[in-house]
Amino acid sequence: MKENRRGKAEEYNCRVCGGALHEFIDFGRQPVSNAFMKPDSPTGEVFYRLAMGICGSCTMVQQLNEVPRGVMFHAGYPYRSSESQRIRDHFAQTADGFLRGRLAAVDEPFVVEIGCNDGGLLETVHAAGVRHLGIDPSAGAAEVARQRGVNVRVAFFDEESAASVRRTEGPADLIFSANTISHLAYFDSVLRGVEVLLARNGVFVFEDRYLGDIVEHTAFDQIYDEHYYLLTVASVRAAAARFGLELVDAVRLPVHGGSLRYTLARPGTHPTAGAVAELLAHEEGQGLADLATLRRFADDAERICGDLVELLRELRADGRRVVGYGATSKSATILNHCGIGTDLIPFICDSTPGKQHLVTPGARIPVRPPEDFTDPYPEYAVLFAWNHAEEIMAKEHRFAEQGGKWILYVPDVHIV
Ligand code: SAM
Ligand code: TMP
Ligand code: ZN
């Protein structure tokens with residue numbers, strides 16, 4: 001329990017089941033993680049308290065405070081899935097798997113994607129001539145998807161918009177979503193929408209960062225405004241059951257530092273894969289629903305923050321040239337929580353056009369195109385996009401070849 005400004009104890013309740021939340025981590029005041037600004041823009045940024053708790057009843061790990069959805073996702077939302085070739089490949093393979101697998105057995109299938117962004121997955125579905133609809137409130141990203149031939153409705157998926165799609169397009173045989181469902185605080189409305197839109201034998205498949213991997217690797221920077229929930233097999237299974245759906249499969253994925261692909265269906269329509277029980281047992285062994293495990297994770301996160309700041313200060317004292325790589329949403333948490341500014345990291349390189357020549361939220365570190373990384377190379381680079389380490393290190397191989405060192409902080413601070 002927290003004291004609010006009037007000194008009154010504040011209780012937080014689960015957005016899914018109403019149970020009491022037990023707080024385990026607090027990163028303090030944080031900006032909106034994708035609110036990149038012009039360097040000369042006046043302050044007036046939106047800040048909120050970034051803290052997380054676990055529900056004592058259904059085990060759902062979630063934030064205590066909610067940033068309104070329109071503040072995070074709007075026409076200018078800069079994130080583009082296709083900045084990573086590995087993610088593009090992942091989505092092409094995923095779509096291909098659906099087309100050759102469960103969709104091949106359906107007559108004239110209809111596919112809906114929640115949070116299609118720039119169309120990375122649906123472009124393959126479109127190329128196969130399969131009827132589809134992407135739903136995404138970020139008009140800028142949706143426009144890129146449309147240029148790839150993808151049908152998009154600029155809207156927030158929820159109970160209301162799902163009913164509207166059902167009325168105009170009919171039931172969906174596959175509802176897919178990646179890295180979006182955990183962003184939607186109104187999970188109840190989303191699951192009601194899925195229930196309305198899904199065909200009788202349809203499936204709802206979604207991928208998201210997995211709390212099991214986050215805890216195992218102390219990947220605490222996966223906690224930021226957009227990641228409202230940190231999902232597990234146990235919490236998703238409980239939430240699904242509450243809204244008339246059944247978790248029938250769960251598959252671990254290597255993307256984004258460790259994700260999980262959940263498959264939900266109407267009860268009794270699909271057999272449940274053995275992986276569900278296996279992962280539930282694994283989560284039990286890992287203590288993922290225990291407050292003590294999550295508090296240990298929070299202590300480890302604080303230690304890593306301290307180690308990173310100490311290293312950056314030492315390097316500055318030695319006159320070393322250090323820059324950042326990847327102006328990720330994740331980096332907002334670490335930069336702002338650790339108080340890292342341009343004194344320690346003068347700029348961050350990022351390939352996303354919509355982030356370049358702006359400054360990062362809160363910390364106000366300039367974002368520059370990757371070309372500025374090479375001219376001249378720094379001595380050290382903090383890899384904030386550590387989930388794309390292989391791809392970025394391969395692309396920037398000349399940096400290491402001429403003596404440059406990468407600084408990583410997951411699972412602990414180390415130099416490679
Ligand atoms: N699916 C892509 C991927 O995995 O790379 C994009 C993920 S991005 C982190 C989250 C996307 O969800 C954004 O494009 C955002 O605009 C979209 N989004 C946010 N709320 C949404 C909602 N209620 N319905 C549909 N899309 C939503
Ligand atoms: P993500 O961790 O949310 O996927 O964000 C990755 C960020 O890193 C995104 O802003 C794009 C950037 N990036 C590069 O600058 N170069 C690259 O090669 C890749 C893969 C990503
Ligand atoms: Zn709950």
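For clarity, every value in this text was computed on a predicted model and none was experimentally measured. One-based numbering, in listed order, for ligands and for the atoms of each.
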**Per-atom contacts, ligand 2 versus T352 - under 4.0 Å to a heavy atom** = 9 (C), 10 (O), 11 (C)
**Request:** Any pair with a residue in residues 335-363 that passes ring pair (Phe, Tyr, Trp, His ring centres under 6.0 Å), sequence neighbours left out, goes on the list, sorted by first then second residue, please.
**Result:** F27-H337
**Request:** Check each of H388, R80, K355, K395 against atom 17 (C) of ligand 2 and report the one with the nearest heavy atom.
**Result:** K395
**Prompt:** Is ligand 2 less than 4.0 angstrom away from at least one heavy atom of H256?
**Reply:** yes
**Asked** Considering only heavy atoms, does F73 approach ligand 1 within less than 4.0 Å through its side chain, its backbone, both, or neither?
**Response** side chain
**Prompt:** According to the interplanar angle, ranging from 0 to 90°, do the rings of F373 and F399 count as parallel (below 30°), tilted (30 to 60°) or perpendicular (above 60°)?
**Reply:** tilted
**Y210-E216 side chain donor-acceptor pair, cut-off 3.5 Å** = no
**Prompt:** So, are D300 and R303 salt-bridged, with charged N and O less than 4.0 Å apart?
**Reply:** yes
**Request:** Could you tell me whether Y186 approaches ligand 1 through its side chain, its backbone, both or neither, with non-hydrogen atoms closer than 4.0 Å?
**Result:** side chain
**Request:** Output the list of atoms in ligand 1 that are nearer than 4.0 Å to some heavy atom of H183, sorted by atom number.
**Result:** 9 (C)
**Fill in**
Checking heavy-atom distances from atom 10 (C) of ligand 1 to each of D208, T180, I181, the winner is T180
**Prompt:** Quick one: does S84's side chain have a donor or acceptor within less than 3.5 Å of a partner on I87's backbone?
**Reply:** yes
**Interfacing atoms of ligand 1 (cut-off 4.0 Å, heavy-atom, I114)** = 24 (N), 25 (C)
**Item:** Protein contact to atom 7 (C) of ligand 1 [nearest heavy atom, distance to 0.1 Å]
**Value:** N179 O, 3.6 Å
**Fill in**
Note: ligand 1 atoms sitting under 4.0 Å from heavy atoms of L184 are 20 (N), 21 (C), 22 (C), 23 (N)
**Prompt:** When you look for heavy atoms under 4.0 Å from ligand 2, do you find them on the side chain of I392, its backbone, both, or neither?
**Reply:** side chain
**Prompt:** Do ligand 1 and C116 have nitrogen or oxygen atoms that lie under 3.5 Å from each other?
**Reply:** no
**Request:** Would you kindly specify which portion of Y79 sits under 4.0 Å from ligand 2, judged on non-hydrogen atoms: side chain, backbone, both or neither?
**Result:** side chain
**Message:** Closer than 4.0 Å to some heavy atom of A385 - which atoms of ligand 2 meet that?
**Reply:** 8 (O)
**Item:** Basic-acidic side-chain contact under 4.0 Å: D375, R368
**Value:** no
**Request:** Examine the proximity of ligand 1 to D158 and report which part, side chain or backbone, both or neither, has a heavy atom under 4.0 Å away.
**Result:** neither
**Asked** Can you tell me if D173 uses its side chain to pair, donor with acceptor, with the backbone of F110 under 3.5 Å?
**Response** yes
**Request:** Within a distance under 4.0 Å of any heavy atom of Y77, pick out the atoms of ligand 1 and give their elements.
**Result:** 8 (S), 9 (C), 13 (C), 14 (O)
**Request:** Just need the protein heavy atom nearest to atom 27 (C) of ligand 1, so name the residue and atom and give the distance.
**Result:** P137 CD, 3.2 Å
**Prompt:** Does I87 have a heavy atom less than 4.0 Å from any atom of ligand 1?
**Reply:** no
**Message:** Run the side-chain contact (heavy atoms from CB on, under 4.5 Å) test against A139 and tell me which residues pass, sequence neighbours left out.
**Reply:** A75, V154
**Request:** Kindly identify the option in A141, S81, S177 whose heavy atom sits closest to atom 5 (O) of ligand 1.
**Result:** S81
**Request:** Below 4.0 angstrom from a heavy atom of T328, which ligand 2 atoms are there? Numbered from 1 as shown, please.
**Result:** 2 (O), 5 (O), 6 (C), 7 (C)
**Item:** Lys/Arg N to Asp/Glu carboxylate O, D188 vs R242, below 4.0 Å
**Value:** no
**Prompt:** What atoms in ligand 2 come closer than 4.0 Å to a heavy atom of S84?
**Reply:** 20 (C)
**Request:** Under 2.8 Å from the Zn ion (ligand 3), how many protein N/O/S atoms do you get? Just the number, please.
**Result:** 4
**Message:** Listing request: all ring pair (Phe, Tyr, Trp, His ring centres under 6.0 Å) pairs with a residue in residues 161-189, at least two apart in sequence or in separate chains.
**Reply:** F98-F176, H183-H227, F187-Y229
**Per-atom contacts of ligand 1 with S138, taking only distances under 4.0 Å to non-hydrogen atoms** = 15 (C), 16 (O)
**Request:** Using only heavy-atom distances, determine whether the side chains of Y79 and E226 contain a donor-acceptor pair under 3.5 Å.
**Result:** no
**Asked** Is it true that the side chains of E207 and H90 contain a donor and an acceptor less than 3.5 Å apart?
**Response** yes
**Request:** Name the orientation class of the two ring planes belonging to F384 and Y409 (parallel below 30°, tilted from 30 to 60°, perpendicular beyond 60°).
**Result:** tilted
**Request:** Could you tell me whether R29 atom CZ has more than 12 heavy atoms of other residues or ligands within 6.0 Å of it?
**Result:** no
**Asked** Any donor and acceptor pair, going by atom type alone, linking the side chain of E283 with main-chain N or O of T232 inside 3.5 Å?
**Response** no
**Message:** Students should be able to answer this: which protein heavy-atom is nearest to atom 14 (O) of ligand 1, and at what distance?
**Reply:** D136 OD2, 2.7 Å
**Prompt:** Do R398 and E401 meet the salt-bridge criterion of a basic N to acidic O distance under 4.0 Å?
**Reply:** no
**Message:** Checking a contact table here: which protein heavy atom is nearest atom 25 (C) of ligand 1, and how many Å away?
**Reply:** I135 O, 3.3 Å
**Fill in**
Short version for R69: what comes under 4.0 Å of ligand 1, heavy atoms counted, is neither
**Message:** Just by distance, no angles: are the side chains of D89 and Q93 close enough, under 3.5 Å, to form a donor-acceptor pair?
**Reply:** no
**Item:** Where ligand 2 meets N387 - atom numbers and elements under 4.0 angstrom, heavy-atom basis
**Value:** 1 (P), 2 (O), 4 (O)
**Item:** Which residue and heavy atom of the protein sit nearest atom 9 (C) of ligand 2, plus the separation
**Value:** D350 OD2, 3.5 Å
**Asked** Do R148 and S82 get their side chains close enough for a donor-acceptor pair, meaning under 3.5 Å?
**Response** yes
**N117 versus R80, side-chain donor and acceptor atoms under 3.5 Å** = no
**Message:** I'd like to know if the side chain of R153 pairs up with that of T168 as donor and acceptor (distance under 3.5 Å, no hydrogens or angles considered).
**Reply:** yes
**Asked** Hey, is CD on E45 packed in by over 12 heavy atoms from elsewhere, all under 6.0 Å?
**Response** yes
**Complete:** Quick look: S351 vs ligand 2, heavy-atom contacts under 4.0 Å, and the answer is both
**Request:** Among all protein heavy atoms, pick the one closest to atom 22 (C) of ligand 1 and tell me residue, atom and distance.
**Result:** F157 N, 3.4 Å
**Request:** Report yes if S329 has an N/O atom closer than 3.5 Å to an N/O atom of ligand 2; otherwise report no.
**Result:** no
**Asked** Do any heavy atoms of K330 fall under 4.0 Å from ligand 2?
**Response** yes
